[in-house]
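Okay, structure first, notes after.
Along the sequence shown, residues carry numbers from 1.
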Amino acid sequence: MRMRRRSFAALGASILGAGVLAACGDDGGSGGGEGGAPAEGGEGDFVTDLTFGTGGTAGVYYPLGGEYASIYQDNIEGITVNYTDSGASVENIGMIFQQEWQLGIAQSDTANAAVTGSADFEGAQVDNLGWIAALYPEAAHMVTLTEAGFTSVADLKGKRIAVGDVGSGTRAVSDAILAAYGIAEGDYEPFEQDFSSSLDLLRDGNIDASIFVVGTPTGSLGDLSATNDVTLLSLEEDTAQEIADGSLYEVYTIEPGAYEFVTEPLTTLSVAAALVASTTQVSPEVAYEITAATFEFADQITLPQSELITHDYALFGQGDVPFHPGAEKYYQEQGLL
């Protein structure tokens, strides 16, 4: 059920203002309105052949989306679900906005930016995005090789830093963390790389650090630590709390043992990895079934994050993102609303 990833134009400072998302829908999409605008939601607009945007192949979104695509297709009558790798949060939401894709995984802060028309979505609110569920917390990882001798994020000033893939939500977190340590644009050399590529660059000595937001643990970081001595930088508690107080991030602790090389608690930030769906192309009935299956079959997910996919976490980080009507019905029946 995997689809080949379609190419995605480079994102500017404001992807919607630059018209990049409109360019993604040049082939007309499926059911779009005039000028690439989303069609009004209605029974005639709903589709049953769903495309599920995930993330890079080295992260958690991609395998998780693949497993859920199989679960949904096997347990919900009358739908097909094809999953695709992608640049992650921003790209997934942009393709839902253009009615190219119908499901996606996105950082909760990125989903909030989309519906409020801020950050990467400044000047153009995404009005067909519906919240299905928060799945698990994603932690910001500040990764360096131990031989570099870095002990604080402040040491990264003037260095070469991977700050997240084009189309991901990692860049906003990277910017917030670096700014808190007085490192602004121009104070370092940014590399916009996917998770896997950033670790390759780090391993080969072509960058000094990689910042990425991913579920903990992630196997690719374990793979890097098998061949290199790896250090995860910790934030100071007060700095982490200051960033969290002014954002949608939460202070998060990576516990000892999460990775073999982590021997003491590390302070960082987290957001929720959220499942979102089109309100104009995914019917309330299908969204209800998707929401129910997300929790009912969570024990079939083979990734470590499966244990975190629970009702208790389902609304974490929702903020301003409206419920998909089908998900709202499910949560009302479960007594969560």
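- Inter-residue side-chain proximity for Val282 and His324 is flagged as met; some heavy-atom pair is nearer than 4.5 Å.
- Between the side chains of Thr146 and Thr231, at least one donor N or O sits under 3.5 Å from an acceptor N or O.
- With values rounded to the nearest 0.5 angstrom, Asn92 atom CG is found 5.5 Å from Trp101 atom CH2.
- Side-chain contact annotation: Asp200 with Ser197, donor-acceptor N/O pair under 3.5 Å absent.
- Counting non-hydrogen atoms of neighbouring residues, nucleotides and ligands closer than 6.0 angstrom, the CD atom of Glu260 reaches no more than 12 such neighbours.
- Checked by atom type, the side-chain pair Thr84/Ser86 shows no donor-acceptor distance below 3.5 Å.
- Under 3.5 Å, the side chains of Ser118 and Thr116 contain a donor-acceptor pair of N or O atoms.
- Looking only at side-chain heavy atoms (C-beta outward), Phe295 and Tyr330 come within less than 4.5 Å of each other.
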*side-chain contact (heavy atoms from CB on, under 4.5 Å) between Asp49 and Asn82: does it pass, once the steps are laid out?*
CA-CA 8 Å; Asp49 185 7; Asn82 301 292; 3.2 Å; yes
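- To the nearest 0.5 Å, atoms CD (Glu289) and CD (Glu296) are separated by 9.0 Å.
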*Would you sort out whether Leu129 and Thr279 count as a side-chain contact (heavy atoms from CB on, under 4.5 Å), showing the intermediate values?*
CA-CA 6 Å; Leu129 194 70; Thr279 57; over 6 Å; no
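- Distance alone, capped at 3.5 Å, places no donor-acceptor pair between the Thr218 side chain and the Gly215 backbone.
- Atom CD of residue Glu264 and atom OG1 of residue Thr253 lie 12.0 Å apart, to the nearest 0.5 angstrom.
- Asp109 and Gln107 share a side-chain donor-acceptor pair at under 3.5 Å.
- Both tests do not hold together for Lys159 against Tyr188: distance to the six-membered ring centre under 6.0 Å, angle to the ring axis within 45°.
- The closest donor-acceptor contact from the side chain of Asp194 to the backbone of Ser196 lies under 3.5 Å.
- Between Ile254 and Thr267, every side-chain heavy-atom pair lies at or beyond the 4.5 Å cut-off.
- Put simply, the side chain of Thr80 does not reach to within 4.5 Å of the side chain of Leu50, judged on heavy atoms.
- Close placement of the Tyr83 and Tyr62 rings is indicated, their centers lying within 6.0 Å of each other.
- Taking 4.5 Å as the limit, some side-chain heavy atom of Arg203 sits within range of a side-chain heavy atom of Leu224.
- The closest side-chain donor-acceptor pair between Thr51 and Glu100, if any, does not fall under 3.5 angstrom.
- Aromatic rings of Tyr331 and Phe323 (six-membered ring for Trp) have centroids within the 6.0 Å cut-off, being under it.
- Between Leu145 and Asp229 there is no side-chain heavy-atom pair separated by less than 4.5 Å.
- The backbone N or O of Arg160 lies less than 3.5 Å from a partner atom in the side chain of Asp208, making a donor-acceptor pair.
- The distance from the CG atom of Leu103 to the OG1 atom of Thr54 is 11.5 Å, given to the nearest 0.5 Å.
- Remark: the backbone N or O of Leu248 is not paired with any side-chain donor or acceptor of Asn112 at under 3.5 angstrom.
- Two residues are said to be in side-chain contact when any heavy atoms from C-beta on lie closer than 4.5 Å; Asp45 and Gln281 fail this criterion.
- Checked by atom type, the side-chain pair Glu67/Thr302 shows a donor-acceptor distance below 3.5 Å.
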*side-chain contact (heavy atoms from CB on, under 4.5 Å) between Asp165 and Thr170, intermediate numbers included*: CA-CA 7 Å; Asp165 194 8; Thr170 291; over 6 Å; no
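- Inter-residue side-chain proximity for Pro190 and Arg171 is flagged as met; some heavy-atom pair is nearer than 4.5 Å.
- The main-chain N or O of Val81 is found under 3.5 Å from a side-chain atom of Gln73 such that the two form a donor-acceptor pair.
- For the residue pair Glu138 / Tyr61, a side-chain donor-acceptor distance below 3.5 Å is found, with atom types taken as modelled.
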*Show the numbers, then the answer: is there a side-chain contact (heavy atoms from CB on, under 4.5 Å) between Phe316 and Glu250?*
CA-CA 10 Å; Phe316 183 90; Glu250 294 285 331; 3.1 Å; yes
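- Side-chain atoms of Ser247 come within 3.5 Å of backbone atoms of Ile243 as a donor-acceptor pair (strictly under, hydrogens ignored).
- Side-chain N or O atoms of Glu189 include none that pairs as donor or acceptor with a backbone N or O of Ile161 at under 3.5 Å.
- Looking only at atom types and distance, the side chain of Glu333 has a donor-acceptor partner in the side chain of Tyr288 under 3.5 Å away.
- Here the CD atom belonging to Gln98 is positioned 9.0 Å from the CG atom belonging to Asn128, to the nearest 0.5 angstrom.
- Side chains of Tyr72 and Thr294: a donor on one and an acceptor on the other come within 3.5 Å.
- Aromatic ring orientation, His141 versus Tyr259: perpendicular (interplanar angle above 60°, classes split at 30° and 60°).
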